[in-house]
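As the structure lists them, so they are numbered: ligands from 1, and atoms in each ligand from 1.
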Amino acid sequence: MIWSGKIVFAFLLILCINSCSDIETNNEELIVTEPVVASCNIIPKPEHLYADSGFFQLNSSVVIVVDNRFSTVQELNNEVEDLQNFAKNKLGFELEQNSKLSNNPAIYLSIVTDGFLKKEAYEISVDSNIINIESMHPAGISRGLATLKQLALLNKFEGNYFIPNVNIMDTPEFEHRGMLLDCSRHFFSKEVILKYIDLLALYKMNVLHWHLTEDQGWRLAIDKYPKLTEVGAFRTEMDGSQYGGYYTKEDIKEIVTYATKKHIEIIPEIELPGHSQAAIAAYPYLSCTGNQVDVANDWGVFKEIYCAGNDSVFIFLKDVLTEVIDLFPSKYIHIGGDEAPKVRWEECKKCQKRINDNNLKDEQELQSYFIKRIQTFLNAKGKQIIGWDEILEGGLADGAIVQSWRGMEGGKEAVKHGNKAIMSPTSHAYFDYDLKAIDLEKVYSFNPIPKGLTNAEEGLIIGGECNMWTEHVPDEKTLDSKVFPRILAMSEVLWSASDVKQKNYTEFNKRLQKHYTILDNYNVHYGEESVPMTYFLKPSQPGPYMTLYPYDSTIQLKYKLECESCDTNFIDYKKTFRILETSILKVQPYKNKKKYGKLIEIPFHNHLGINRNVNYSNEYSEWYTAGGKEGLVDSKLGTLDFRDGSWQGFWGSDLECVIDFEKANNYSSVSANFYQYSNSWIFIPEEMSAQISNDGVTWSNWGNTSSETDLKQRGKFIKTLIINHNQTKSFRYLKIKVKNVGKVPSWHEAAGSDAWIFIDEIIVK
Ligand code: ACM
Ligand code: ZN
């Protein structure tokens with residue numbers, strides 16, 4: 001297409017204003033006379049940005065020139081290569097490197113000797129013929145290139161890239177901006193890791209915290225202990241299939257080299273003393289009992305951990321860590337330290353001897369001994385340790401960095417002790433959590449600096465991470481949908497001002513909308529920003545009223561009820577409707593005419609108890625209410641997601657409640673669904689019994705049923721307990737008693753803790 005100069009200019013002027021300042025205008029005569037302070041939609045938001053009119057056209061005639069006044073040209077070879085690869089792979093043309101000034105439009109990369117306080121700080125200035133990126137370090141040049149890449153991808157028009165004339169001075173708020181990727185629960189290929197390194201760099205994150213060892217899989221080849229991968233990298237799933245995989249040393253070297261070139265630090269995590277069942281499956285002598293165990297094939301916390309009393313364990317770990325050190329140039333090694341049950345240590349002669357010999361108080365101090373011994377070894381090799389906040393228990397070693405995950409308290413305690421901390425609390429940073437718990441706005445509201453610290457203590461908080469645990473993330477698509485777009489909010493929290501006052505979610509969200517085309521370009525299967533829909537259920541006889549709420553006005557809802565007499569087509573949701581039959585409500589949200597999020601399915605069961613008054617003898621949990629007092633008679637059933645809002649929980653107590661039908665009537669059965677997921681201490685109850693009355697004072701038995709469930713059965717499942725009679729009986733009050741198993745059984749890793757009952761509905765017929 002050939003444009004007349006005037007039209008091109010008018011278009012580009014508007015393009016530049018729109019891309020940089022978000023001034024919406026149709027006024028073709030608008031003339032920019034003043035520089036506009038604006039965002040250019042860059043994420044994370046730069047510290048200072050001044051946008052001018054005009055643009056730099058990025059195409060194959062542009063050359064890259066490395067300014068060699070203060071550095072050798074070779075010092076920026078990686079950055080030049082990175083820009084060339086980007087142009088080739090993402091923009092579709094080659095960029096030549098020139099050794100000296102040329103008349104062509106050029107991108108200058110310059111290492112300078114002053115002007116910046118931090119290594120990743122940079123300045124980029126764009127005018128119509130020259131782009132200049134300056135920093136005191138190649139890492140800063142690389143961050144400047146990330147800005148340039150975004151500007152290019154955000155300003156594409158008909159195959160041409162127009163970089164708006166801007167001047168950006170930018171610097172990170174925090175030095176540690178990370179993402180944890182758990183490749184043990186599920187294994188992700190080398191290609192996925194490389195894609196994530198690209199994306200981390202594009203959004204100016206600088207740490208990949210690589211979780212490589214777990215109960216469910218050891219993912220890293222170690223020459224001296226080949227069974228770690230031969231045995232430990234594979235598990236037999238519950239259906240009998242084999243699952244697994246690992247990275248060879250060649251893979252690791254390739255990934256580390258790739259990341260280093262993009263100034264992404266890879267911090268390997270080698271879990272100890274807990275989360276080590278895969279290693280123990282490979283080498284049973286590492287545990288207290290020495291018994292053969294399998295690589296775990298279920299999620300949770302397992303009691304088989306490294307024996308702290310056996311010197312061979314320390315020899316093993318030192319050998320492993322020596323090979324790890326050779327593979328990873330990072331000055332940090334993450335040693336885990338979280339969730340290590342102490343039951344084996346309590347029963348182990350060697351562990352108890354270690355406690356006595358070293359005058360330790362208890363198993364907590366033994367854990368601290370364990371960590372410190374590993375830390376001493378690693379420090380001698382020039383490495384610093386990072387550990388989860390459990391490493392505070394039993395005494396924190398000097399120099400250890402604490403990664404706070406059980407809230408922010410661990411991090412606070414660490415910095416008060418003079419140690420550094422990384423913040424990744426479950427409240428804001430756990431990207432395995434559902435959007436119901438942590439949506440984009442929640443991530444954006446994260447402030448890694450908690451209240452109540454001195455300036456010096458605040459300075460010890462070196463940054464934060466988002467944690468991507470993968471128990472329920474079997475593939476790349478699911479991974480992408482959990483990480484994106486939430487990580488863009490995290491990147492802005494950690495790079496740009498963390499102070500809540502300086503952040504504006506609405507403005508961030510507007511910029512974010514422009515980034516979906518970039519994510520498409522990087523083949524990212526991003527998920528939603530928030531739960532697309534919430535609803536309000538008003539229990540009522542003979543069926544509840546349902547009101548649906550799209551998250552915002554950009555989302556439309558279509559729904560249908562699936563039942564015997566229901567219409568089979570989806571219809572646009574307009575107003576509250578009623579559910580009068582046993583049915584499944586299906587709702588599909590849409591945004592920009594495309595499906596937005598998964599089909600939502602909510603099952604309902606119509607019965608005679610709906611919206612009756614329920615009086616409880618003991619309280620249900622404030623965390624699992626099923627919607628409150630009517631939760632067990634609202635007709636809504638639970639799904640296999642026990643956090644779906646339909647389940648009512650009783651922790652350590654029985655359930656006893658009375659349903660009042662207001663007047664006597666005939667009934668023949670009562671049933672209820674119960675949930676089991678032993679990893680979360682939820683067990684099918686032992687027994688359910690029913691009593692009936694007409695005055696609420698004198699009661700007669702109406703039957704009981706025992707569950708006879710195997711409490712050891714792993715996984716999540718639902719079981720219905722039913723009390724059924726051939727003949728109806730007339731009564732006004734129905735009392736239901738459900739007997740909790742009480743304590744978590746002795747074979748369980750959490751033996752002795754209070755067990756849960758989860759129930760969704762009391763169905764009366
Ligand atoms: C953790 O989530 N167990 C660190
Ligand atoms: Zn032991």
Need the ligand 1 atom indices (1-based, order shown) with element for anything under 4.0 Å from a heavy-atom of Glu339. 3 (N)
Using only heavy-atom distances, determine whether the side chains of Glu269 and Thr213 contain a donor-acceptor pair under 3.5 Å. no
Ring pair (Phe, Tyr, Trp, His ring centres under 6.0 Å) test vs His334 passes for just one of Phe328, Trp210, Trp388, namely Trp388
Would one find an N or O of Asp338, backbone or side chain, under 3.5 Å from an N or O of ligand 1? yes
Is the NZ or CZ atom of Arg219 both under 6.0 Å from the centre of the six-membered ring of Tyr247 and within 45° of that ring's axis? no
Quick one, Thr322 with Asp319, criterion side chain to side chain donor-acceptor pair (under 3.5 Å). Give me CA distance, side-chain angles, the key distance, then yes/no. CA-CA 5 Å; Thr322 300; Asp319 287 343; 5.4 Å; no
Which of the numbered atoms in ligand 1 are under 4.0 angstrom from any heavy atom belonging to Trp469? 1 (C), 2 (O), 4 (C)
Lys503 charged N/C atom sitting above Tyr444 aromatic ring, 6.0 Å / 45°: yes
Under 2.8 Å from the Zn ion (ligand 2), which protein N, O or S atoms do you find? Ignore water molecules. Cys288 SG, Cys307 SG, Cys348 SG, Cys351 SG
Go through ligand 1 atom by atom and flag the ones less than 4.0 Å from a non-hydrogen atom of Tyr430. 1 (C), 2 (O), 4 (C)
Do you know the tightest heavy-atom contact between Asn419 and Gly399? ND2-N, 3.6 Å
Result of checking Phe683, Tyr677, Phe642, Tyr624 against Trp756 for ring pair (Phe, Tyr, Trp, His ring centres under 6.0 Å): Tyr624
Please determine which of Lys342, Arg344, Gln352 meets the side chain to side chain donor-acceptor pair (under 3.5 Å) test together with Glu363. Gln352
